[in-house]
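All values reported here derive from a predicted model rather than from experimental measurement.
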2 protein chains.
Amino acid sequence: MKLITKRADYAIRALCVMAKNGQRMYSAFELAKKLKIPGPFLRRILQILNKRGVLKSYKGQGGGFILALQPDNIFLIDLIEIFQGPVKLNECLFKAKICPSISTCILRRKVDEIEKFVVSELSSININSLLN
Amino acid sequence: MKLITKRADYAIRALCVMAKNGQRMYSAFELAKKLKIPGPFLRRILQILNKRGVLKSYKGQGGGFILALQPDNIFLIDLIEIFQGPVKLNECLFKAKICPSISTCILRRKVDEIEKFVVSELSSININSLLN
DNA sequence: CAAAAAGACACTAATATGGTATCATTCAAA
DNA sequence: TTTGAATGATACCATATTAGTGTCTTTTTG
Ligand code: FES
Ligand code: FES
């Protein structure tokens, strides 16, 4: 079971680097080299973060990416949802008649609890938390 | 993010049916028909449950599968680990220098907490819980 | 013996994830 | 004003995981 995919992982790492030096602009390849991860892949990730308003981008020579938000306002839950979709664990499995009912099903209640816990834990971490 | 795959799902459903009528023997195809899921696929799943000691099997005409354990002794965590491997969410992501240290890393602590919670919730449900 | 079952295992199909390649566009600097 | 360094957009390929099938062997009962 994977909680955090590579895309989200790389995004987190890149944002951490950028947050350490908040004013500087970084090109995708510069960051990729620093983090030792594939350049084109990271580039696409940063483009997505730009579209989602986490980064600002500047084209042309001397351009690159820079944080659009304060590091303590970028939460892990958001990054994970950007790259992995919403945290939905309760895709009701027992469509068959076995499941007693949607309102009483124990399994569903438990899965909902797990989902809430995951979301709340991931909501409590931001990029700044990871820098101490 | 998928918490429970089809294999585990089907296993749970099949075990629920079998638990309702604990003494009876069911062939893989009979169960598959009842649950409206693919026969050969369920058959492989039951074979695995047999190998893992959750079911007993009997070959030959009139043979089939029957529970090897009491329904309240078959836990969801075990079924999930059989079909999806151990619940390990903490595959350390920050191998790079970004992560401060394995002992202080906030992210790691949080992921460990999530993992513990998932395991404990899934350990609290058994096949019997699902039959009320 | 014949039919009905599981055992074993190789194989295919679908999906998700990880990653590349290419061309167009923008912009700064020579 | 040309050139090169950057992103924007998008199609594509590679790999892994999950889902599912097919087939042949073995066992058992009638
Ligand atoms: S499994 Fe979905 S309501 Fe019971
Ligand atoms: S991410 Fe693994 S110890 Fe910090």
| Closest approach of Leu46(A) to Ala14(A) (non-hydrogen atoms, all atoms of both residues) | CD2-CB, 4.2 Å
Protein-nucleotide distance ([X], atom [atom1]; [N], atom [atom2]), rounded to Å:
| X | N | atom1 | atom2 | value |
| --- | --- | --- | --- | --- |
| Leu3(B) | dT18(D) | CG | P | 13 Å |
| Leu46(A) | dT7(D) | CG | P | 8 Å |
| Gln47(A) | dT22(C) | CD | C1' | 13 Å |
| Ile48(B) | dG20(D) | CD1 | P | 14 Å |
| Arg52(A) | dA9(D) | CZ | P | 14 Å |
| Ile37(B) | dT18(D) | CD1 | P | 18 Å |
| Met25(A) | dA5(D) | CE | C1' | 12 Å |
| Phe83(A) | dG19(C) | CZ | P | 13 Å |

Looking at every strand, decide which applies to [X] at a 4.0 Å heavy-atom threshold: base, sugar-phosphate, or nothing.
| X | value |
| --- | --- |
| Tyr10(A) | sugar-phosphate |
| Phe29(B) | nothing |
| Lys51(B) | sugar-phosphate |
| Phe65(B) | sugar-phosphate |

Out of [options], which nucleotide sits closest to the side chain of [X]?
| X | options | answer |
| --- | --- | --- |
| Lys2(B) | dG18(C), dA6(C), dA19(D) | dA19(D) |
| Arg43(B) | dT21(D), dG7(C), dT29(D) | dG7(C) |
| Ala28(A) | dG18(C), dG20(D), dT7(D) | dT7(D) |
| Phe41(B) | dA5(D), dG18(C), dT21(D) | dT21(D) |

Any side-chain N or O of [X] under 4.0 Å from OP1/OP2 of [N]?
| X | N | value |
| --- | --- | --- |
| Thr5(B) | dT17(D) | no |
| Ser27(A) | dA5(D) | no |
| Arg7(B) | dA19(D) | yes |
| Asn50(B) | dA6(C) | no |
| Ser57(B) | dG7(C) | yes |

| field | Derivation of the side-chain contact (heavy atoms from CB on, under 4.5 Å) call for Leu49(B) and Phe83(B) | value | CA-CA 9 Å; Leu49(B) 288 174; Phe83(B) 293 102; 3.7 Å; yes
| task | Record whether the side chain of Gln61(B) comes under 3.5 Å of the base of dG30(D) through a donor-acceptor pair of N or O atoms. | result | no
| Between the side-chain atoms of Arg44(B) and the base atoms of dG22(D), is any donor-acceptor pair under 3.5 Å? | no
| query | Has the side chain of Gln84(A) got a donor or acceptor atom that lies under 3.5 Å from a matching backbone atom of Leu3(A)? | reply | yes
| field | Residue closer to the 5' end of DNA chain C, Pro38(A) versus Gly60(B) (nearest nucleotide) | value | Gly60(B)
| Would Ile66(A) and Arg24(A) count as a side-chain contact (heavy atoms from CB on, under 4.5 Å) if you check the C-alpha gap in whole Å, the side-chain angles of each, and the deciding distance to 0.1 Å? | CA-CA 7 Å; Ile66(A) 196 168; Arg24(A) 231 192 101 191; over 6 Å; no
| Are Leu35(B) and Leu79(B) in one and the same hydrophobic cluster, where Ile, Leu, Val, Met, Phe, Trp and Tyr link if side-chain heavy atoms are under 4.5 Å apart? | yes
| Whichever of Lys59(B) and Tyr58(A) has its nearest DNA chain D nucleotide further upstream toward 5' | Tyr58(A)
| query | Thinking salt bridges, do Lys116(B) and Asp112(B) make one under a 4.0 Å N-O criterion? | reply | no
